[in-house]
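Shown next, in structure tokens, is the structure this report addresses.
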Amino acid sequence: MEEKKKPIVALLYDFDKTLCTQDMQNYAFIPSLGMVPGDFWREANDFGRRERMDGVLAYMYTMIRKCAQLGVPLTRESLVHCGRSIEFFPGVLDWFERINRFGGLLGAQVEHYVISSGLREIIEGSAIASAFREIYASEFLYDAGGRPLWPKLAVNFTAKTQFVYRINKGVLDVSDDKALNDSMPDESKRVPFTNMIYIGDGLSDVPCMKMMRSYGGQAIAVYQAANRSGVEQLLRQRRVDFIYPADYREGTELEATVQEIIRKMAVSQRLYEENMRQLRDIG
């Protein structure tokens with residue numbers, strides 16, 4: 001008898017203000033410049049507007065320029081080290097293990113992915129980096145001494161959607177555009193859109209949230225007090241399925257809802273596969 005494959009459920013996360021409490025550069029990198037976050041981001045955003053430049057490329061350039069001006073060393077290693085200072089919302093540190101265990105009890109394989117406009121290097125230095133199958137985030141190209149030469153990847157808000165397609169098809173290598181664009185029947189795609197949950201915190205996540213709602217996945221927005229009204233507006237506008245406080249602890253409504261979604265996805269996937277099996281059997 002053919003062994004049935006476990007259905008795969010993918011959770012896709014924004015990072016800043018979704019898993020951690022503020023922009024990841026705020027914890028250690030910006031203080032190393034002797035600046036406060038508001039001043040740094042104002043300078044980066046003003047520069048981007050003045051040069052009509054993509055906002056992600058503008059902040060990456062500003063990081064390099066400010067370090068050069070102030071004589072602050074900037075290397076891959078120093079950015080990874082910044083990740084150690086990240087503070088996460090309650091429950092995040094053991095969230096992934098709990099969700100994986102719950103999925104396993106249902107016979108589902110749960111995978112976690114980051115899709116962030118922040119820096120991959122900082123995320124890699126964080127306490128939760130090992131929880132993710134892949135981290136899609138902005139990144140520098142470095143010379144032999146570990147110094148940044150050029151942006152290797154810039155993930156702006158609309159560019160985030162390409163990584164949803166990569167996860168869908170199982171084409172995780174960002175340099176492989178051919179396989180990403182090749183035609184593939186839906187039943188061959190590794191993670192159906194209907195088996196995806198996107199968790200974000202605001203307008204920057206709307207393109208991915210819209211994809212989820214359009215293709216049968218689920219979109220959840222989490223909030224702190226400062227952005228609650230904006231998240232409630234997303235719910236009123238039907239741009240998101242559910243909203244919850246950014247509290248990932250055991251027993252929260254956020255955890256309960258994610259568990260129920262995983263349960264629904266696991267059952268639906270098994271029923272779909274059984275239907276396909278019967279169709280194959282009758283020719």
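Computed from a prediction, not measured in an experiment: that's the story for all the values here.
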*When you check the gap from the basic side-chain N to the acidic O, do Glu260 and Lys264 get nearer than 4.0 Å?*
no
_With heavy-atom distances below 4.5 Å as the criterion, would you say the side chains of Ile86 and Ile122 are in contact?_
yes
*Using a strict cut-off of less than 4.0 Å between a Lys/Arg side-chain nitrogen and an Asp/Glu carboxylate oxygen, indicate whether Asp177 and Arg166 qualify as a salt bridge.*
yes
*State the CG-OG distance between Asp14 and Ser204, to the nearest 0.5 angstrom.*
5.0 Å
_is_close_aromatic(Tyr59, Phe40), centroid dist under 6.0 Å_ = no
*For the pair Arg76 and Glu124, find out whether any cationic side-chain nitrogen is under 4.0 Å from an anionic carboxylate oxygen.*
yes
*asked:* Would you compute the distance between atom NZ of Lys66 and atom CZ of Phe29 and round it to the nearest 0.5 angstrom?
replied: 10.0 Å
*asked:* So Val222 and Tyr13, do their side chains get closer than 4.5 Å, heavy atoms only?
replied: no
*Find out whether Trp41 and Ile30 are in side-chain contact, i.e. whether some heavy atom of one side chain is under 4.5 Å from a heavy atom of the other.*
yes
_Within this structure, what is the CG-OG1 distance for the pair Asp143 and Thr75, rounded to the nearest 0.5 Å?_
10.0 Å
_pair Asp16-Gln25: side-chain heavy atoms closer than 4.5 Å_ = yes
*Salt-bridge present (Asp46, Arg42; N to O < 4.0 Å)*: no
_Just verifying a value: how many Å separate Glu139 CD and Lys152 NZ, rounded to the nearest 0.5 Å?_
4.5 Å
*What is the minimum heavy-atom distance between Phe89 and Thr18, and which atoms define it?*
CD1-O, 3.4 Å
*Can you find a pair of side-chain heavy atoms, one from Met63 and one from Pro148, that are under 4.5 Å apart?*
no
*For the side-chain hydrogen bond (donor to acceptor under 3.5 Å, both in side chains) test, which of Asp182, Asp176, Asn181 pairs with Lys178?*
Asp182
_Donor-acceptor check, side chain of Asn227 to backbone of Asp201, threshold 3.5 angstrom: yes or no?_
yes
_Using 0.5 Å steps for rounding, measure from the CZ atom of Arg249 to the CG atom of Leu93._
12.5 Å
*Within a strict 4.5 Å, meaning less than it, do heavy atoms of the Ile167 and Glu111 side chains meet?*
no
*Mutual orientation of the aromatic rings belonging to Phe242 and Tyr244 [parallel < 30°, tilted 30-60°, perpendicular > 60°]*: parallel
_Donor + acceptor pair across side chains of Tyr223, Ser229 (<3.5 Å)_ = no
*asked:* Ring-plane angle category for Phe96 and Phe132, please: parallel below 30°, perpendicular beyond 60°, tilted otherwise.
replied: perpendicular
*Between Glu121 (side chain) and Phe140 (backbone), is there a donor-acceptor pair under 3.5 Å?*
yes
*When the ring planes of Tyr136 and Phe163 are compared, do they come out parallel, tilted or perpendicular, using 30° and 60° as the limits?*
parallel
*Could you check if a side-chain atom of Lys160 sits within less than 4.5 angstrom of a side-chain atom of Val155, using non-hydrogen atoms only?*
yes
*For residues Ala28 and Ser85, report the shortest heavy-atom separation together with the two atoms involved.*
CB-OG, 3.8 Å
*Using a 4.5 Å cut-off on heavy atoms from C-beta on, say whether the side chain of Leu79 contacts that of Tyr142.*
yes
